[in-house]
Amino acid sequence: MRHISLLLQGLARSLSVGKERKGGDGDDGKAATAVLRTSGTLWGEGSETFAAVCSRRGEKGINQDCSIVCEGFGCEEGSVLCGIFDGHGQWGHYVAKAVRESLPSALVRRWREAKTLGSLIDGGKKQLCECQVDMWRQSYLAACAAVDDELRTSRRLDGVHSGCTALSLIKHGDLLVVANVGDSRAVLATASPDDDGSRLAAVQLTVDFKPNLPQERVRIMECNGRVQCLADEPGVHRVWRPDREGPGLAMSRAFGDYCVKDYGIISAPEVTHRRITAQDHFVILATDGVWDVVSNEEAVQIVASAPEREKAAKRLVEFAVRSWRRKRRGIAVDDCSAICLFFHSPPS
């Protein structure tokens, strides 16, 4: 077990330094059998999964949120990828779309290379099953590093003073792998085993990577970055360069933002996993525009009470927009986006 884990870590390091190949899926074949990049719905072909997506522009200009749902991810039956991306800075919407387009194919490529490597080791099939989670983690680390390196050298967009967060998940059979870069959030709706399913609990699957988190603050300060609040924004911690007033990022992990990559901002995801059970109903992925004004419990109840699953994400986003106007009067509404991924068919 340790042998294959070390090999995978070496693979991640070697792949992360190479430049990402251009194009959608290159010579690795298609990355998915069906893809949704806009607000709407997508049924899981050959599975019980169903995704509802909604995004609303805020009051700060162009909508810098975007999303993707890939059914048959990696052309594997029952495999789904969901991703939600939140841009910031002048060109943040371009960075978010670039990451949305690059990350799935980069991840598929790393996953296939990891599987190939694992199959060459003694006890190949058994080792692959036992190390599946670690393979996804190393694939995610390598893919995110490669995508961020590609953005840095891109001549098509300016990622120096713009960037984006990225929250994604892979549902592979009953395995749920979640990778988070930034301050978007994933929340699971689950029932207790002895419950009839009428009351769902909200389980937060990710950490909001804000600069004031102890481990994030330590890393930033060790790199000579500054973590401070503006006088008119008490409680909103931002990252600043040591020698000037900028850029004031409100998150500690992001793609792009190369002006502060030397000062503690990283694009490495936190990768976690969970086995889906019959008690797990759905998972919500949403940008911080939603979570700034909606609690985890409120979000789960809104989605669970939607009369039609097709409208679940729209109901959540519309509730967030109303909450902004009620709770934060005088402050421009942020872009609000959500993906609701249901695991099982609705009861008949």
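A quick note: this is a predicted structure, and the numbers were derived from the prediction, not measured.
- Between Arg110 and Gln138, the closest side-chain pair of non-hydrogen atoms is not below 4.5 Å.
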Assess the residue pair Val108 and Phe73 against the criterion (side chain to side chain contact (heavy atoms under 4.5 Å, CB included)); give the C-alpha distance rounded to whole Å, side-chain angles, the decisive distance to 0.1 Å, and a yes or no. CA-CA 8 Å; Val108 164; Phe73 182 64; 3.2 Å; yes
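- Counting heavy atoms from C-beta on, the side chains of Arg275 and Leu175 come closer than 4.5 Å.
- The salt bridge (charged side-chain N to carboxylate O under 4.0 Å, His left out) check on Glu298 picks up nothing, with sequence neighbours excluded.
- Taking a cutoff of 4.0 Å between a charged side-chain nitrogen and a carboxylate oxygen, Glu310 and Arg315 do not qualify as a salt bridge.
- Salt-bridge check for Lys261 with Asp148: passed, with a basic side-chain N closer than 4.0 Å to an acidic carboxylate O.
- Using a 4.5 Å cut-off between side-chain heavy atoms of Ile, Leu, Val, Met, Phe, Trp and Tyr, with links allowed through other members, Val95 and Leu249 fall into different hydrophobic clusters.
- Using a 4.5 Å heavy-atom cutoff, the side chains of Ile170 and Leu176 are not in contact.
- For the pair Glu222 and Arg219, the salt-bridge criterion is not met [side-chain N within less than 4.0 Å of a carboxylate O].
- Asp134 contributes no side-chain N or O that, together with a main-chain N or O of Cys131, makes up a donor-acceptor pair within less than 3.5 Å.
- A continuous path of hydrophobic side-chain contacts links Val203 to Val283 [ILVMFWY only; heavy atoms under 4.5 Å].
- Closest approach of Ala286 and Val290 over heavy atoms only: CB-CB, 3.9 Å.
- Between Leu341 and Cys82, the shortest heavy-atom distance links the atoms CD2-SG, 4.1 Å.
- Judged by the 6.0 Å and 45° rule, Arg253 forms a cation-pi pair with Phe209.
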Check against salt bridge (charged side-chain N to carboxylate O under 4.0 Å, His left out), Glu59 and Arg325: CA-CA 11 Å; Glu59 298 172 346; Arg325 291 170 178 158; 3.6 Å; yes
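- For Asp183, the salt bridge (charged side-chain N to carboxylate O under 4.0 Å, His left out) partners are Lys210, not counting sequence neighbours.
- Across all their heavy atoms, Arg57 and Gly61 have their closest contact at CD-O, 3.0 Å.
- The shortest side-chain heavy-atom distance between Leu151 and Leu157 falls under the 4.5 Å cut-off.
- Side-chain contact between Lys60 and Asp334 is present, with heavy atoms from C-beta onward closer than 4.5 Å.
- Taking all atoms of both residues into account, the shortest heavy-atom contact from Ala299 to Val294 is N-CG1, 3.8 Å.
- In this structure, a donor-acceptor pair under 3.5 Å is absent between the side chains of Ser184 and Asp86.
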Residue pair Trp291, Asn296: steps toward the side chain to side chain contact (heavy atoms under 4.5 Å, CB included) verdict: CA-CA 8 Å; Trp291 303 117; Asn296 296 348; 3.6 Å; yes
Checking Val227 against Arg238 for the side chain to side chain contact (heavy atoms under 4.5 Å, CB included) test, could you report, in this order, the C-alpha distance in whole Å, the side-chain angles of both residues, the deciding distance, and whether it holds? CA-CA 5 Å; Val227 177; Arg238 296 182 180 275; over 6 Å; no
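- Counted by atom type alone, Arg185 and Asn180 present zero donor-acceptor pairs between their side chains at under 3.5 Å.
- Transitive grouping of hydrophobic side chains (ILVMFWY, heavy atoms separated by less than 4.5 Å) brings Trp91 and Val147 into a common cluster.
- Closest approach of Phe85 and Ala166 over heavy atoms only: CD2-CB, 3.5 Å.
- Here the options are Ser168, Cys164, Ser267, the test is side-chain contact (heavy atoms from CB on, under 4.5 Å), and the partner is Val99; only Cys164 passes.
- Side-chain contact between Thr206 and Leu167: present, with at least one pair of heavy atoms (C-beta onward) separated by less than 4.5 Å.
- No side-chain donor-acceptor contact under 3.5 Å links Trp111 to the backbone of Ala106.
- Scanning all heavy atoms of the two residues, the minimum distance from Ala189 to Val300 falls at CB-CG1, 3.7 Å.
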Run Ile68 and Ile84 through side chain to side chain contact (heavy atoms under 4.5 Å, CB included) and show every step you take. CA-CA 7 Å; Ile68 191 167; Ile84 201 158; over 6 Å; no
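- For the 3.5 Å distance criterion, the side chains of His93 and Asp65 fail to qualify, holding no donor opposite an acceptor.
- Under the 4.5 Å side-chain heavy-atom criterion for Ile, Leu, Val, Met, Phe, Trp and Tyr, Trp240 and Val218 are members of distinct hydrophobic clusters.
- When only modelled atom types and interatomic distance are considered, Ser55 and Asn63 share a side-chain donor-acceptor pair under 3.5 Å.
- Between Trp136 and His172, the ring planes are perpendicular. Angles over 60° get that label, and only those under 30° would be called parallel.
- Looking at Ser252 and Ile220, their side chains come closer than 4.5 Å, going by heavy atoms from C-beta outward.
- For Arg329, the CZ atom sits in a loose shell: 12 or fewer heavy atoms of surrounding residues, nucleotides or ligands are nearer than 6.0 Å.
- A single hydrophobic cluster is not seen to contain both Tyr263 and Tyr258; linkage of ILVMFWY side chains at heavy-atom distances under 4.5 Å, directly or through other members, places them apart.
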Should Asp292 and Lys327 be marked as a salt bridge (charged side-chain N to carboxylate O under 4.0 Å, His left out) after you check the CA-CA gap, both sets of side-chain angles, and the distance that decides it? CA-CA 10 Å; Asp292 281 348; Lys327 296 179 179 180; over 6 Å; no
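- With contacts defined as side-chain heavy-atom distances shorter than 4.5 Å, the pair Thr49/Glu71 qualifies.
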